[in-house]
Amino acid sequence: MSRQRPTVAHRLAAGLPGGLLLACPAWLGAQTLAQPPDLAPAGWGAEVLLQSDRFSDPLPLADLLASRLAGLKVRHGQSLIYLRDEARMTARLPPGWAAPASGQTTLSVLARQSATLVANRGAVTLTQDIAASGPPPGDYDAQVNLRLRAFAGWGAEWGWQGAASEHGLQWQVAVQGLQLVRVLTRDIQGWAQFDATNASYATQLQSDQFNDRHRYPFQGPSEPRGWAWLGQVNLRWQASPQWAWHVGVTDLGWLHWRRVAHETARLDSQVASTDSQGNVVYASLVNGHNGQDTLATRAPATWRLGGAWGWAPGSTLEADVRKITGVQAWLPYSGVRQAWGEGPEAWGLSAGWRWHERAVQLGLQHGPWQVQLAGDALDASARSRMASVRWQHRW
């Protein structure tokens, strides 16, 4: 039995709000641009950091944030979208202030927003079909899987860093507490089919969504804010004067929000009924439920492993790889750094390549200032953009 494509598309849009990839909203700006731990000299210090890191596998960032899906492309394997923005101010306290004499404490205030979306090939293909003006180019029969975790908030972070000089080991731990002002989680699973011979569709999709801005009739009062508790651990080992290794994890923790709006919806296109003449009628059916429940879910943690080789004074070759929880792809980086001079007049340059993002990364450091930029294009076709500005002062 033939089913009209617009009907299925409209049912998807109505029954699963925001579509598939559109579940990642424009209000959401990486993980934090984690660097290997750098133990500061003993004494007071201050730091200001502004950073943004955004990447989209299936379409350009400009189209993503404007909800334009015409340029959507299917990438082999999973498609990844991450959007991260953060601003923070940090105070470094000398040893003995809120920390053992062998370590140094940092206290930060920060505001951040984060989104991680992972979609398999079937989810991207179905979204292409919905966004296209004509019929699909051919048959498809695909499983659909999509996962989104997004939040925004502000709060504080306590950190402690220290070193075991005799072993060349440095460590850094931090605990971050955020008051959440926005949260959105989305899980879509099921399957979708299209038969080009008779232009027929078959879909079964299940959506589960927590969204603090979702509204429905007879909705009760909800908690105006949520909470997030996130941890960070970094280790750095100076194995020799030339070699150093680092490993770490960021955003290891939980998102929690009480009585937040919770919507479940199921789209089934293979539903049969009869009309007044007894004829069988096939029509898409959307069943759903709205309620208010407690959201308690893990944040997408980012793991990092890497090393550096100093082949000449001031010259360092470095490489590392990131792994986001729930994402199949590894995100490697390799590059080179060169430093000149010491103290306030020191200069540093860096250049590297983000392999998964296919982006060039450049850095400049002079005195207390450090700037990093990365991207894969200078125009609106860019799928990767990163910018980071850091100012540090110690006395």
Side-chain angles (χ1 to χ4, degrees), residues 3-29 64-69 81 83 113-119 123 126-127 129-131 144-154 178-192 201 203-228 254-271 273 282-300 326:
R3 298 173 179 84
Q4 295 299 315
R5 179 179 176 281
T7 301
V8 175
H10 294 161
R11 290 284 185 174
L12 279 167
L16 308 179
L20 297 171
L21 294 177
L22 292 185
C24 189
W27 60 267
L28 288 163
L64 172 70
L65 298 179
S67 300
R68 297 188 299 263
L69 302 183
I81 296 174
L83 309 174
Q113 54 184 9
S114 171
T116 302
L117 185 147
V118 183
L126 183 58
T127 308
D129 185 10
I130 296 171
V144 175
N145 289 286
L146 179 143
R147 179 181 174 89
L148 168 67
R149 295 294 182 267
F151 64 89
W154 57 273
L178 299 177
Q179 184 176 76
L180 300 180
V181 298
R182 185 77 170 94
V183 71
L184 174 61
T185 71
R186 190 75 177 275
D187 293 277
I188 299 177
Q189 295 181 334
W191 56 269
Y201 284 84
T203 56
Q204 285 189 1
L205 296 174
Q206 179 74 38
S207 170
D208 188 279
Q209 172 184 236
F210 285 90
N211 184 352
D212 71 290
R213 295 188 181 179
H214 179 56
R215 297 293 181 264
Y216 58 88
F218 310 109
Q219 184 175 356
S222 62
E223 294 291 329
R225 297 289 186 268
W227 293 92
W254 291 83
L255 310 176
H256 189 274
W257 197 311
R258 295 179 56 196
R259 294 186 57 79
V260 67
H262 182 202
E263 179 201 64
T264 60
R266 180 179 178 85
L267 171 69
D268 190 346
S269 67
Q270 294 184 320
V271 178
S273 61
Y282 292 89
S284 301
L285 176 65
V286 176
N287 286 319
H289 172 74
N290 286 312
Q292 291 175 277
D293 296 299
T294 296
L295 168 67
T297 187
R298 285 193 294 267

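Values below: all heavy atoms of this structure, side chains included; hydrogens, waters and symmetry mates excluded.
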With side chains defined as the heavy atoms from C-beta onward, is the minimum distance between R182 and N211 less than 4.5 Å?
-> yes

Within the side chain of W254, is there an N or O that forms a donor-acceptor pair under 3.5 Å with the backbone of A296?
-> no

Tell me, do N290 and H214 make a side-chain contact under 4.5 Å, heavy atoms counted?
-> yes

Between atom OG1 of T116 and atom CD1 of I81, what is the distance when rounded to the nearest 0.5 Å?
-> 10.5 Å

Flag side-chain contact, heavy atom, 4.5 Å: R147 against T185 = no

Does any N or O in the side chain of Q292 come within less than 3.5 Å of the main-chain N or O of P221, such that one atom is a donor and the other an acceptor?
-> yes

For Q206 and V144, run side chain to side chain contact (heavy atoms under 4.5 Å, CB included): C-alpha distance rounded to whole Å, both residues' side-chain angles, the deciding distance at 0.1 Å, then the answer.
-> CA-CA 10 Å; Q206 179 74 38; V144 175; over 6 Å; no

Just wondering, do F151 and L178 contact through their side chains at under 4.5 Å, heavy atoms?
-> yes

Just how far is it from atom CG of L146 to atom CD of Q189, taken to the nearest 0.5 Å?
-> 10.0 Å

Quick one: are I188 and S207 in side-chain contact, heavy atoms under 4.5 Å?
-> yes

With R225, the side chain to side chain contact (heavy atoms under 4.5 Å, CB included) member among D212, V181, L180 | V181

Separation between NE2 (H256) and OG1 (T297), nearest 0.5 Å, reads 11.0 Å

Would you please test R258 and W227 for side chain to side chain contact (heavy atoms under 4.5 Å, CB included) and show each step?
-> CA-CA 9 Å; R258 295 179 56 196; W227 293 92; over 6 Å; no

Is any side-chain heavy atom of H262 closer than 4.5 Å to a side-chain heavy atom of T294?
-> no

Side chains of L126 and L205: closer than 4.5 Å at any heavy-atom pair?
-> yes

Can you tell me how far CZ of R213 sits from OG of S222, rounded to the nearest 0.5 angstrom?
-> 12.5 Å

Is there a side-chain contact between D293 and F210 (heavy atoms, below 4.5 Å)?
-> yes

